[in-house]
There are 2 protein chains.
Amino acid sequence: MVKRRPHSAATATPLDLPATGRGSADEQAFLAQYRLDAFERPSVAVDIVVFTVIDGHLEVALYERTEHPDQGRLALPGGFMRMDESLDDAARRLLADKAGLTDVFVEQLYTFGEPGRDPRGRIVTVAHVALVDAARFSAAPLLRRLVRVPWSGETGGDVDVVDIGAAAFDDDAFDEAAACAVAFDHASIIGMAVKRLRGKLDYTPVGFQLLPAEFTLRQLQDIHEAVRGDVVNKDSFRRRMLASGHLEATGNHERGVTWRPAELYRFVRRSAV
Amino acid sequence: MVKRRPHSAATATPLDLPATGRGSADEQAFLAQYRLDAFERPSVAVDIVVFTVIDGHLEVALYERTEHPDQGRLALPGGFMRMDESLDDAARRLLADKAGLTDVFVEQLYTFGEPGRDPRGRIVTVAHVALVDAARFSAAPLLRRLVRVPWSGETGGDVDVVDIGAAAFDDDAFDEAAACAVAFDHASIIGMAVKRLRGKLDYTPVGFQLLPAEFTLRQLQDIHEAVRGDVVNKDSFRRRMLASGHLEATGNHERGVTWRPAELYRFVRRSAV
DNA sequence: AGAGCATATATGCATGAGGCATATATCCGT
DNA sequence: ACGGATATATGCCTCATGCATATATGCTCT
């Protein structure tokens, strides 16, 4: 039994079109005269934190700004949302345009909207996280920058970005390198992205997104250790991963290593039981 | 030993004011002529999912829309962001205006920006989650509506909203009640909010936000069971909570119950070690 | 007042996952 | 053939959790 509300307008309408419901003539009339621009509007941007793990280090794709504001500082790839696309679509479009990356894992992270975060005016940015394997990351036409997260637990917050130069393969030099200047609030965005990635790693199968299609258990462990910033127990890690149901042995083995070759696995979506 | 990069500009400038850096005259000039409104902009709204637990059921604050579009349907409290406030500030302001709630736990959830989600035009909404104890929720001038989450694991997705009438204290009638019509994509927003709340409950001390300042372990367990939608082991729950370091015994006991009164605890922020 | 009841609170034990050590397997280079 | 390095497998210890049992403490009813 559906209750019917009294008509707000006395006009007769066809039976199948409710007087005031979704799609009604009444609503159509309302929408026709509705002025959305009566309110002032901010600009909406989308920024993407592209992560990868190279040589055991967590890296983020950053480019050097050539224009004002914050000219010369490092910034996340991003841009303004278009009126005909969803936020996810905007992130994927910008990822393809600015980094040449397609078919990557993209997920919305958080929306930053402090009034003073951009000197150009009121710009709200919807930050996203993308995960790519090292080979595709290196091939992308973006500067590679290492991110060193100050290990203060799970705090998030700002993150130090260290240029990846000669120090790349020298941990001592890396530790002494000075942090680069980061544009806008992007250091804070990266900080939250690292925090989120660390959290997801424990209870969702997301580490595979940072590896090629086939990989060894050691490579997967390296990913986890680089993201977490500490070492994990090898045996229990192997047991846990193999028991998760997300791994499938390919029967192939790694080649060209000087030790016993490990078996290659691939990621399988766990059956929905 | 810190390496120094060569200057990009050869012009002599005062030592403290870089030629092109943040706050430089060059940047000022750029900003003065920058036209942010060259791009079309969407409207930015903020919606809040206010949760509480009453009589063992997870409830959400919804009101019936009196205007087009989706007139007569149930909707989340919300509104448009102002140009001089942050997103969190907007959420708190709207919570106070629309529900009379202040000093509550508020956290950003997710931003919804599908092009067709609002017939009035392009409106991006930044959804938030707020947690209130039952007493304050009931006193707020909003309709109470029960939310029944179809227990399909962690899927999120749309959620059935069931009117809380005579069925409130009768689980059988509640199960048979038909779902109410929900405006816009708000059923989907609530679904994601439930999913997020369930996830946070396991590894962050957030359940306390749904209780008064002093509470018994049984009340806390009821919160967890209502949010998770299943039963938890009483003994291990007590052990885990007491060992978490978040609980502090007050020495007081509950009154007016017909059984042995339980001790009252209060929430303490865990000391930073 | 005392029995009965419902719940809180405490203790002991079984089970399973993770940390750790040891043993064996398999590649490469010399 | 042998050593080096790592993969892979197995067994043991510890701890968190699930489960059962026992005691404590308020109320209600007779």
Side-chain angles (χ1 to χ4, degrees), chain A residues 53 55-56 198-199 201-205 207-208 211-212 214-267 270 273, chain B residues 53 55-56 198-199 201-205 207-208 211-212 214-267 270 273:
Chain A
V53 172
D55 299 324
R198 280 182 179 163
L201 206 58
D202 288 334
Y203 63 98
T204 59
F208 314 101
L211 288 170
E214 298 194 357
F215 51 87
T216 67
L217 286 174
R218 162 58 65 183
Q219 288 178 292
L220 185 57
Q221 183 176 348
D222 286 341
I223 295 290
H224 280 247
E225 292 184 342
V227 171
R228 295 173 48 112
D230 62 354
V231 262
V232 306
N233 183 275
K234 179 174 173 175
D235 299 271
S236 73
F237 180 79
R238 289 174 57 87
R239 269 191 305 230
R240 196 152 39 87
M241 285 301 144
L242 291 174
S244 73
H246 289 298
L247 289 186
E248 185 184 52
T250 63
N252 305 326
H253 292 263
E254 62 181 341
R255 303 165 57 102
V257 290
T258 177
W259 54 78
R260 169 176 172 177
E263 182 155 20
L264 291 171
Y265 290 83
R266 85 167 62 88
F267 167 67
R270 184 169 43 197
V273 179
Chain B
V53 172
D55 299 324
R198 280 181 178 163
L201 205 59
D202 287 334
Y203 62 97
T204 59
F208 314 101
L211 288 170
E214 297 194 355
F215 51 87
T216 67
L217 286 174
R218 161 59 64 184
Q219 287 178 292
L220 185 58
Q221 183 176 347
D222 287 341
I223 296 290
H224 280 247
E225 292 184 341
V227 171
R228 295 173 47 113
D230 62 353
V231 268
V232 307
N233 183 274
K234 179 175 174 175
D235 299 272
S236 72
F237 180 80
R238 290 174 57 87
R239 268 191 304 232
R240 198 153 36 89
M241 285 299 144
L242 291 174
S244 72
H246 289 299
L247 289 186
E248 185 184 52
T250 64
N252 304 327
H253 293 262
E254 62 181 342
R255 301 166 57 103
V257 290
T258 176
W259 55 78
R260 170 175 172 178
E263 183 155 21
L264 292 171
Y265 290 83
R266 86 168 63 88
F267 167 66
R270 183 168 43 197
V273 177

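Note on naming: letters A, B, ... go to the chains in the order of the sequence lines (proteins, then strands), and numbering restarts at 1 for each one. Just the heavy atoms: all of them, side chains too, but no hydrogens, waters or symmetry mates, feed the values below.
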* Would you give the length of the straight line joining atom OG1 of T216(B) to atom CG of N252(B), rounded to the nearest 0.5 angstrom? => 12.5 Å
* Roughly how far, to the nearest 0.5 Å, is CD of E248(A) from OG1 of T250(A)? -> 8.5 Å
When the distance from [atom1] of [X] to [atom2] of [N] is rounded to whole Å, what number comes out?
X: R255(B); N: dT25(D); atom1: CZ; atom2: P; result: 18 Å
X: R238(A); N: dA7(D); atom1: CZ; atom2: P; result: 8 Å
X: E263(A); N: dA7(D); atom1: CD; atom2: P; result: 13 Å
X: K234(A); N: dA5(D); atom1: NZ; atom2: P; result: 14 Å
X: H253(A); N: dT6(D); atom1: NE2; atom2: C1'; result: 14 Å
X: D202(B); N: dA16(D); atom1: CG; atom2: P; result: 17 Å
X: N233(A); N: dC13(D); atom1: CG; atom2: C1'; result: 13 Å

* Return the residues of residues 215-227 of chain A meeting this criterion: a heavy atom under 4.0 Å from some atom of DNA chain D. Order them by number, or give none. => R218(A)
* Asked: Would you say E225(A)'s side chain and V232(A)'s backbone share a donor-acceptor pair under 3.5 angstrom?
  -> yes
* To do: For E214(A), enumerate each residue passing the salt bridge (Lys or Arg N to Asp or Glu O under 4.0 Å) test, keeping only those at least two apart in sequence or located in another chain.
  => R266(A)
* To do: With DNA chain C as reference, determine whether T258(B) or L264(B) sits nearer its 5' end, using the nearest nucleotide of each.
  => T258(B)
* To do: Specify the residue among F237(A) and G256(A) whose closest nucleotide of DNA chain C lies further upstream toward the 5′ end.
  => F237(A)
Taking the side chain as every heavy atom from C-beta outward, state whether [X] and [Y] have any atom pair closer than 4.5 Å.
X: V231(B); Y: F237(B); value: no
X: D222(B); Y: V53(B); value: no
X: Q221(B); Y: H224(B); value: no
X: L247(B); Y: F208(B); value: yes

* Structure fact -> In the 5' to 3' direction, the nucleotides of DNA chain C bounding the stretch that comes under 4.0 Å of a heavy atom in chain A are dG18(C) to dC28(C)
* Are any of the side-chain nitrogens in D235(A) or R239(A) under 4.0 Å away from the carboxylate oxygens of its partner? -> no
* Asked: Which part of the nucleic acid, if any, lies within contact of R240(B), taking any heavy atom under 4.0 Å across all strands shown: a base, the sugar-phosphate backbone alone, or nothing?
  -> sugar-phosphate
* Would you say the side chain of R260(A) and the base of dG4(D) hold a donor-acceptor pair, judged only by whether the two atoms sit under 3.5 Å apart? -> no
